[in-house]
Amino acid sequence: MDGTSLDRIARLLGSATSRRASVRIALGAMAAAGARVTAGKGVPEGGPWPAGPCGPTGKDNRCKKDKECCTGYCRPGNKGKISRCRCAPRNYPCTNRTVCCAQMICLNGACNSDTRVPTGQPCVAGTSVCKDAAAECRAYDSDSVDGTFCLLPTAAACSSSVECWSQNCASGVCVAVTCDVCDSGCDFSTIEAAIATPPADGRIRVAPGTYAMASTSVTSTLRVEACGGASGVTVATPAGFDAAFKAESGGKLTVKNLTFTFGGGGAVHASGADEANRVAVTVTGCTMSGFTSNVAYSGYGYFDAVLRDSTLTNARVDIGSADNADRCSMLIERSTITGTTGGPGIELTDNVDLTIVDSTISNGAATEGGAIAVIGGENHSPSSGSVTLSGSTTISANNGTSKGGGIFLRPNNGNTIALTMQDDATIVSNTSPHGSGIAAWLNAGTLTVTGANGRVTGNTGSPAQCEKTSDLGANWLPVADCESF
């Protein structure tokens with residue numbers, strides 16, 4: 001193996017990617033480099049370096065150093081002729097910045113003409129094709145930070161656990177995880193009983209079925225998830241109770257791959273009494289539907305909340321702080337909130353920082369704020385709040401029947417609200433008689449709106465895309481189509 005290969009592998013292992021992914025890619029690079037023998041003047045075994053694509057003529061491709069080439073490689077031609085930029089040939093170590101020769105891609109650390117990803121190797125969901133027809137490009141049945149891999153489902157033949165989605169290969173077959181909760185034959189028949197006496201690893205796996213839950217308190221670190229990622233785990237809250245899961249007194253709760261349906265109460269609630277008892281709730285891969293005016297995901301007090309890779313249909317989010325000393329936070333990432341009624345899709349009151357990334361809020365209807373309403377000074381004064389829209393976040397087709405088709409902001413009694421739009425965030429095609437995109441009704445408060453890249457456009461029903469009352473000034477930095485604000 002030559003020095004160039006060793007350098008590239010060292011860089012892979014030292015890169016910012018996860019350790020597991022780095023090791024896999026580096027192993028692929030070492031295998032590729034080991035199979036190649038460099039002959040003489042930089043000519044790889046099996047033939048000369050093909051010409052690179054950096055310029056229209058051979059003269060343009062002349063080089064002395066790798067960094068002069070768009071391909072990352074400067075190599076002499078046959079018989080030691082003038083060095084030119086070259087594309088990387090088959091099996092040569094590569095990174096995402098390397099230009100592999102025609103009909104090849106950089107796959108698992110080496111240029112390869114076979115674009116199908118081997119089982120257990122990193123892939124890109126939605127674009128990669130797995131070499132094993134039984135494998136799928138997906139994340140492990142865990143909270144893996146390593147991204148997606150070509151993984152085998154339960155009952156598929158395997159040679160190691162790393163090939164299985166369940167991470168469990170036994171006797172040459174991918175074996176499903178053991179469920180903790182089911183109708184019969186498991187350690188528990190209800191989720192509440194499992195929470196009362198949780199497994200040692202704090203991971204409660206629930207088999208398909210419908211489970212009624214009445215405000216079950218979580219005060220430790222727990223993860224409740226569909227067993228083996230299976231669909232069909234449904235949780236409903238009976239009438240008279242505010243949520244199925246309630247994280248309290250320092251509880252750290254993750255809820256994964258569950259379906260919540262309206263049964264009289266909400267789905268998940270976060271409530272910390274003070275900073276020492278701050279709670280954290282993460283909802284990932286879940287669906288919530290049919291909650292009408294009831295709130296599906298709520299928080300009050302000292303908390304940090306996350307909604308990720310989830311879909312809420314006619315199911316609202318309602319969060320607020322406990323007192324003036326606190327700041328609460330919520331991150332909504334790669335999720336959809338649609339069709340809400342009885343109130344805004346997201347409603348914030350007092351000292352809450354909301355960040356929305358690569359998500360969509362659409363087809364909601366409320367008196368004030370079809371998609372988002374932020375009310376400062378509702379319970380505490382002074383207070384402040386912030387909303388940041390980033391990535392490809394889109395707020396569209398919502399209706400504020402009174403004001404604020406997309407977003408309604410009301411800072412009261414000396415309170416401050418900051419709205420920031422960045423990246424490709426867009427507020428589009430919303431309707432309202434006042435402020436079809438953004439409406440701000442100031443009542444002795446302060447509003448700051450910034451966003452050089454965000455767009456507020458194509459909203460209808462009022463003369464201005466953005467509208468505010470004139471009782472106090474607001475600091476407005478340009479957002480497209482909102483100059484009249």
Side-chain angles (χ1 to χ4, degrees), residues 311-317 332 335-348 354-376 385-411 417-443 445-485:
T311 299
L312 277 62
T313 303
N314 206 3
R316 300 175 52 225
V317 174
I332 298 177
S335 293
T336 298
I337 300 174
T338 185
T340 55
T341 59
I346 304 172
E347 188 166 4
L348 282 66
L354 170 67
T355 301
I356 305 177
V357 183
D358 296 332
S359 297
T360 300
I361 307 173
S362 65
N363 297 294
T367 303
E368 297 174 336
I372 301 173
V374 186
I375 314 297
S386 68
V387 177
T388 301
L389 309 180
S390 64
S392 59
T393 292
T394 301
I395 295 175
S396 66
N398 301 283
N399 181 18
T401 57
S402 174
K403 40 190 169 294
I407 299 179
F408 175 72
L409 306 167
R410 189 177 72 196
I417 296 174
L419 170 65
T420 301
M421 296 181 64
Q422 56 193 28
D423 303 325
D424 295 321
T426 304
I427 301 175
V428 61
S429 301
N430 303 281
T431 61
S432 180
H434 295 285
S436 55
I438 302 171
W441 250 239
L442 304 173
N443 181 16
T446 302
L447 172 68
T448 302
V449 183
T450 59
N453 297 322
R455 294 183 300 120
V456 182
T457 183
N459 303 284
T460 60
S462 63
Q465 297 278 322
C466 306
E467 184 177 347
K468 73 175 181 64
T469 54
S470 58
D471 59 342
L472 271 183
N475 176 19
W476 175 264
L477 298 180
V479 172
D481 295 327
C482 274
E483 291 83 357
S484 59
F485 185 81

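Side-chain atoms are counted along with the backbone in the values below, which use heavy atoms only and exclude waters and symmetry mates. For the single chain, residues carry numbers from 1 onward in sequence order.
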Return the minimal non-hydrogen interatomic distance between [X] and [Y], and the atom names on each side.
X	Y	value
Ala371	Asn398	CB-ND2, 3.6 Å
Ser432	Gly404	OG-N, 3.3 Å
Asn430	Ile427	ND2-CG2, 3.4 Å
Gly458	Gln465	N-OE1, 3.6 Å
Ser402	His434	O-CD2, 3.5 Å

Asn314 versus Thr341, side-chain donor and acceptor atoms under 3.5 Å = yes

So, Asn399 versus Thr431: side-chain donor-acceptor pair below 3.5 Å or not?
-> yes

Could you walk me through whether Thr388 and Gln422 pass the side-chain contact (heavy atoms from CB on, under 4.5 Å) test, one step at a time?
-> CA-CA 8 Å; Thr388 301; Gln422 56 193 28; 3.9 Å; yes

Can you find a pair of side-chain heavy atoms, one from [X] and one from [Y], that are under 4.5 Å apart?
X	Y	value
Ile361	Ile372	yes
Pro344	Arg316	yes
Val387	Val374	yes
Ile375	Phe408	yes
Ile332	Ile337	yes
Thr393	Thr426	no
Val456	Ile438	yes
Ile407	Leu419	yes

Evaluate the side-chain hydrogen bond (donor to acceptor under 3.5 Å, both in side chains) criterion for residues Ser436 and Thr460: first the C-alpha distance (whole Å), next the side-chain angles of each, then the deciding distance (0.1 Å), finally the verdict.
-> CA-CA 6 Å; Ser436 55; Thr460 60; over 6 Å; no

